[in-house]
Amino acid sequence: METIISKDIQKAVSLLTNNELVAIPTETVYGLAGNIFSEKAIKKIFSTKQRPFFNPLIVHISSIEKLESIASYVPEKAKILASAFWPGSLTLVLKKNNAVPDLITAGKDTVAVRIPNHPITLQLLNLLPFPLAAPSANPFGSISPTKPTHVAHYFKNNIQQVLDGGSCKNGIESTIIGFEDETPVVYRLGALSIEKIEAVIGKVSVKNNKENKPDAPGMLARHYAPKTTTLLVNDVRAEIQKHSSKKIGVLTFKDSLNDDTITEIVLSKNGFFEEAAAKLYAAMHQLDAKNLDIIIAERFPENDLGKSINDRLQRATFK
Ligand code: AMP
Ligand code: MG
């Protein structure tokens, strides 16, 4: 299975040039990438992921100059954000350029775009004459992949290469910002905190809805979900009491239960949000593989990346 994991960047160039898909490393999560101008490749992304066509894809470019070939208009605050945070975990939703195929944008007149901050993928993008569309490299609705093995496990023989870039440094998806007229609106909380964004452009509103057909369909109420029933609670110990006959797995922020009978993952012993976010999905993958009856996850403090982590945990636990 793991033979598809390889560091061979020339192989990735050749596959992508031939309308095939390659899973690529980014600092957020692994992406399932294809040439934005290849209808064959883009259709394959949707079918491999079993992703509905109403859910548009993020376009990945290698430099701000390339934005002109993707977007027809860039608001002033988008320019400020791009120069402050790119390459990085911020996706901008902008009016699309005619060259961007409708399949990518699900027929919308806007396109989501970012420069990922991963040296291998930046190198790959620089070798290619086209941008890459890349949604997260997981089947629709399941836990996003943060390690090459997660992708290989999901797609086995359906893709030919996972370009090995190690574990994703940030570990949760990008923050998505769109513009209503010239006003920035956060559509998805993510790896770049609202606090950091507001430090650069001032107060932003957040429309992080849990709807069934939201503006950014990554915002579906149930998403990023393990197969095991998962609960999100403030008091883990109290919740454990209610499930005493069950095989329980626990996911906490910084505190250990010190109980050998319970499978437990502590995300950051020293209480760092960045570390917890980076380890979150790998921990969910790990607990999900243990045949537990239930996973009990601890709610994070509602500030900084704690907000984004709670968002993912809520969607993972929504029924
Ligand atoms: P992922 O599949 O994890 O990479 O998620 C991509 C996210 O970007 C999804 O939530 C999409 O709905 C969102 N997205 C992509 N294009 C647009 C767009 N034009 N407008 C709003 N959201 C978008
Ligand atoms: Mg996704």
Side-chain angles (χ1 to χ4, degrees), residues 21 23-34 36 42 44-61 67 70-75 78 89-97 100-116 118 121 131-146 150-151 154-155 168 170-180 184-192 206-226 280-281 284-285 308 311-312 315-316:
L21 307 185
I24 55 166
T26 82
E27 83 283 22
T28 60
V29 303
Y30 270 77
L32 186 61
I36 69 160
I42 301 308
K44 215 180 268 182
I45 291 178
F46 282 96
S47 63
T48 305
K49 271 184 67 82
Q50 295 168 303
R51 181 179 177 112
F53 281 105
F54 67 73
N55 195 346
L57 308 179
I58 295 176
V59 173
H60 295 72
I61 56 175
L67 198 50
I70 301 296
S72 62
Y73 175 68
V74 184
S89 308
L90 174 70
T91 297
L92 296 174
V93 175
L94 304 170
K95 282 271 174 287
K96 88 179 191 79
N97 193 307
V100 179
D102 286 339
L103 255 182
I104 304 277
T105 64
K108 287 172 175 284
D109 63 351
T110 53
V111 60
V113 58
R114 81 177 185 107
I115 305 180
H118 193 293
T121 288
L132 293 173
S136 53
N138 53 322
F140 185 66
S142 59
I143 309 168
S144 296
T146 55
H150 296 157
V151 186
Y154 276 142
F155 295 128
C168 301
N170 294 354
I172 57 175
E173 293 78 359
S174 59
T175 301
I176 302 181
I177 293 199
F179 294 84
E180 296 181 359
V185 177
V186 175
Y187 292 148
R188 174 174 77 181
L189 296 172
L192 181 66
V206 180
K207 270 198 192 168
N208 195 45
N209 303 334
K210 292 176 190 61
E211 301 166 7
N212 273 331
K213 246 192 172 182
D215 238 11
M219 305 318 297
L220 286 171
R222 181 171 171 81
H223 209 80
Y224 315 110
L280 177 69
Y281 289 144
M284 281 161 64
H285 279 282
S308 308
D311 173 79
R312 300 302 187 270
R315 291 173 206 284

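Start at 1 and go down the list; that is how both ligands and their atoms are numbered.
A distance below 6.0 Å separates the ring centres of Tyr154 and His285.
Atoms of ligand 1 lying under 4.0 Å from any heavy atom of Ile176, numbered from 1 in the order shown and given with element: 7 (C), 8 (O), 13 (C). With ligand atoms numbered from 1 in the order given, ligand 1 contributes 18 (C), 19 (N), 20 (N) to contacts under 4.0 Å with heavy atoms of Thr110.
Heavy-atom separations between Ile58 and ligand 1 include at least one value shorter than 4.0 Å.
None of Ser136, Pro25, Pro145 except one satisfies the side chain to side chain contact (heavy atoms under 4.5 Å, CB included) rule with Val151; the exception is Pro145.
Between Ser136 and ligand 1, an N or O atom pair is found at a separation short of 3.5 Å. For Glu173, no nitrogen or oxygen atom sits less than 3.5 Å from a nitrogen or oxygen atom of ligand 1, counting backbone and side chain alike.
Nearest to atom 11 (C) of ligand 1 by heavy atom, out of Asn55, Leu94, Thr91, is Asn55.
Scored by the side chain to side chain contact (heavy atoms under 4.5 Å, CB included) test, Thr48 finds Leu21, Leu32, Lys44, Phe155, Asn158, Ile159 as partners (sequence neighbours excluded). By the salt bridge (charged side-chain N to carboxylate O under 4.0 Å, His left out) test, Lys49 pairs with no residue at all, sequence neighbours left out.
When heavy-atom distances to ligand 1 are checked against a 4.0 Å cut-off, Lys96 has no atom that comes that close, whether in backbone or side chain.
Of the N and O atoms on the side chains of Ser89 and Arg114, not one donor lies less than 3.5 Å from an acceptor on the other residue.
Contact annotation: Ser136 places an N, O or S atom under 2.8 Å from the Mg ion (ligand 2).
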